[in-house]
Amino acid sequence: MQLKDALDVLEEIAFYLELKGENVFKINAFHNAVRNLSKYDISLNDAFEKQIIQNTKGVGKSIQGVLEELKNSGVSSLLEELKKDFPESLITLTKIRGLGAKKIKKLYDELGISSIDELEQACIENKLLKIQGFGEKTQNSILENIKKIKDYEGKLLLHYADEIVESILDETKKIGLKKISVTGEIRLRKKVISKIEFLVSEEKTLEKFLSKLKATKNSSNNFASNFEGYLVHIYTTNEEQFYFDLFRTTGTEDFLKKISFSKLDEKNFYSEEDIFKSLGYDYIPPQARENIQLDLRKYDFPELKDLKGLIHVHSIYSDGSNSIEEILEFAEKNNYEYVLLCDHSKSAFYANGLDEIRLKEQWKEIDDLNSKSKKVRILKGIECDILPDGSLDFDDDILSQFDCVIASVHSKFKMTKNEMTSRIVKALKNKFVKILGHPTGRLLLSREPYPLDLDEVINVAASEGKSIELNCNPHRLDLDWEYHQKAISRGIKITISPDAHSFEDMTYVKYGIDMAIKGGLEKKNIVNCMGVNEFIKNFCNK
DNA sequence: GCCGTTTTCGGCCCGACTGTTTTCAGTCG
């Protein structure tokens, strides 16, 4: 069991305690424990072995007991006991934004609502207005949020899809199924996946594979299955037509049309390259086939190894889980020339943002490490909050002392389009700001972007000579690939950054590479394809 | 439930926001 799953159990316990009207401080104790442990991305076993559970503040005897029990048996008897008094589905209501334990209890006690469907029906029938503390706006926002949840149902982010693919491919290895490839949306590297698709060439083991997935027949060579609530499609083919069908099932339909795929008069190919060749085109990687605007020519697409700078990394100084030394080791191991360390600024109190005093401590540590490190240069950066009025979280005197400043919006999302646009435009005009972080603030499948005139932001970034981030966190992927051509056509360079808070996050740049290819970015368009000296020359103060 | 200690019980993070109220409760990060 992962520590994160165990923390979900603690959150559930807190929820049921709150339903029962337990002491607020007792409930908070569970929330505190979760908060203090949530920065560790490890298994529950490791958390015990590394003495993390034992030494973390806010994790006392009894919460430790719960975690111990989870480690040993996978369940919590406390949670099981608490659950007994309520319907199983009640906790699903916590998925709805704006609903906490208090409101859920009211809905349950007064209207007997215990599921999202029941709640939706009650809203439609105007029943919530009768309850004290609920009004029209609350009812509307609940309905809206339910709609969102239903829209998102069955869809998953790319990195989760990759995990599922991985686990299914592990199974096929055990079975002995050899000729299988992921195809369709995942192979195109779409940012949100609605079905998981495989192409398999028929062999003896196919039946075993299909029964393992409990797949049912759709048509003669198409099977469907449901894996943990997600749709899986399995297309079957034969050895000779494998690449033809891989090409076809990868799509997109628009792309196939664009290259006149249907005009191919033979079906036996030995690679996708051969298919492009016989159609008279250079090879186009699957990522780029979703972007119908791109020319059918060879692009100088970036690869992971072309990224020379690891830009936008958080350390334990703010809300990251690694020390600067550990980040340095990671960078060395992965052949980066430089790291731009970007912890949060002081206003980001929820993320332990740095004030001027702690900044100085960090700078000293960076200087010390730089004097020892031969291979990797650590640069002093900051992810500086853009305050609601467009000013920055440090004054120019402090800002001037960073090598490079990334400016991002983290608060007050609910502004008008005009207000938000001028807020960001003002920040971009600060001469020490070099990169705009996650420009739209969206969280895929969870939070809409804030209202923003992105065209205007791109125009200003261009005229000010600033870079825009392609945030590689699979929840963000922001700046979206659909805006890449617009940005580079104005001369903007894009920064591919992991916005990392852990080692795992640092590997997210691979999703950035996927999106960059999709957007039609070439190495020359990407800031961190520059070596350290060129980066300093073009994007650093001093 | 956790912590800290003036060691056995009292205090516990907090500000912003929203929507409901008519002065505040609930939620969120």
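Residue numbering restarts at 1 for every chain, and letters A, B, ... go by the order of the sequence lines. The shown structure was predicted, so the numbers you read here are calculated from the model rather than taken from an experiment. Scope of the values below: all heavy atoms of this structure, side chains included, with no hydrogens, waters or symmetry mates.
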Closest to the side chain of A:Asn23, out of B:dC17, B:dG1, B:dG4, is B:dG1
Enter syn or anti for the glycosidic conformation of B:dT18, syn applying to angles within 90° of 0. anti
N/O (side chain, A:Thr138) to phosphate O (OP1/OP2, B:dT20) under 4.0 Å: yes
Judged by each residue's nearest nucleotide on DNA chain B, which is more toward the 5′ side, A:Glu18 or A:Ala29? A:Ala29
Atom CG of A:Asn528 and atom OG of A:Ser467: how far apart are they, to the nearest 0.5 Å? 8.0 Å
Go through B:dG26, B:dG1, B:dG29 for me and flag the one nearest to the A:Arg97 side chain. B:dG29
To the nearest Å, how far apart are A:Leu99 CG and B:dC17 C1'? 16 Å
May I ask you to say what A:Arg35 touches in the nucleic acid, namely base, sugar-phosphate or nothing, with a heavy-atom cut-off under 4.0 Å? base
Salt-bridge test for A:Asp162 and A:Lys510: reply yes if a basic N is under 4.0 Å from a carboxylate O, no otherwise. no
Among B:dG29, B:dT27, B:dC3, which nucleotide has an atom closest to any side-chain atom of A:Lys103? B:dT27
B:dG29, B:dG19, B:dG1: which one has an atom nearest the side-chain heavy atoms of A:Lys137? B:dG19
Quick check for you: among B:dT27, B:dC3, B:dG1, whose closest atom lies nearest to any side-chain atom of A:Lys57? B:dC3
With respect to the side chain of A:Ile63, which nucleotide from B:dG1, B:dT20, B:dC3 is positioned closest? B:dG1
Assign the ring pair A:Tyr508 / A:His159 to parallel, tilted or perpendicular, where the plane angle (0 to 90°) is split at 30° and 60°. perpendicular
Using the P atoms only, state how far B:dT20 lies from B:dC28, rounded to an integer number of Å. 15 Å
Atom CG of A:Leu111 and atom CG of A:Leu119: how far apart are they, to the nearest 0.5 Å? 9.0 Å
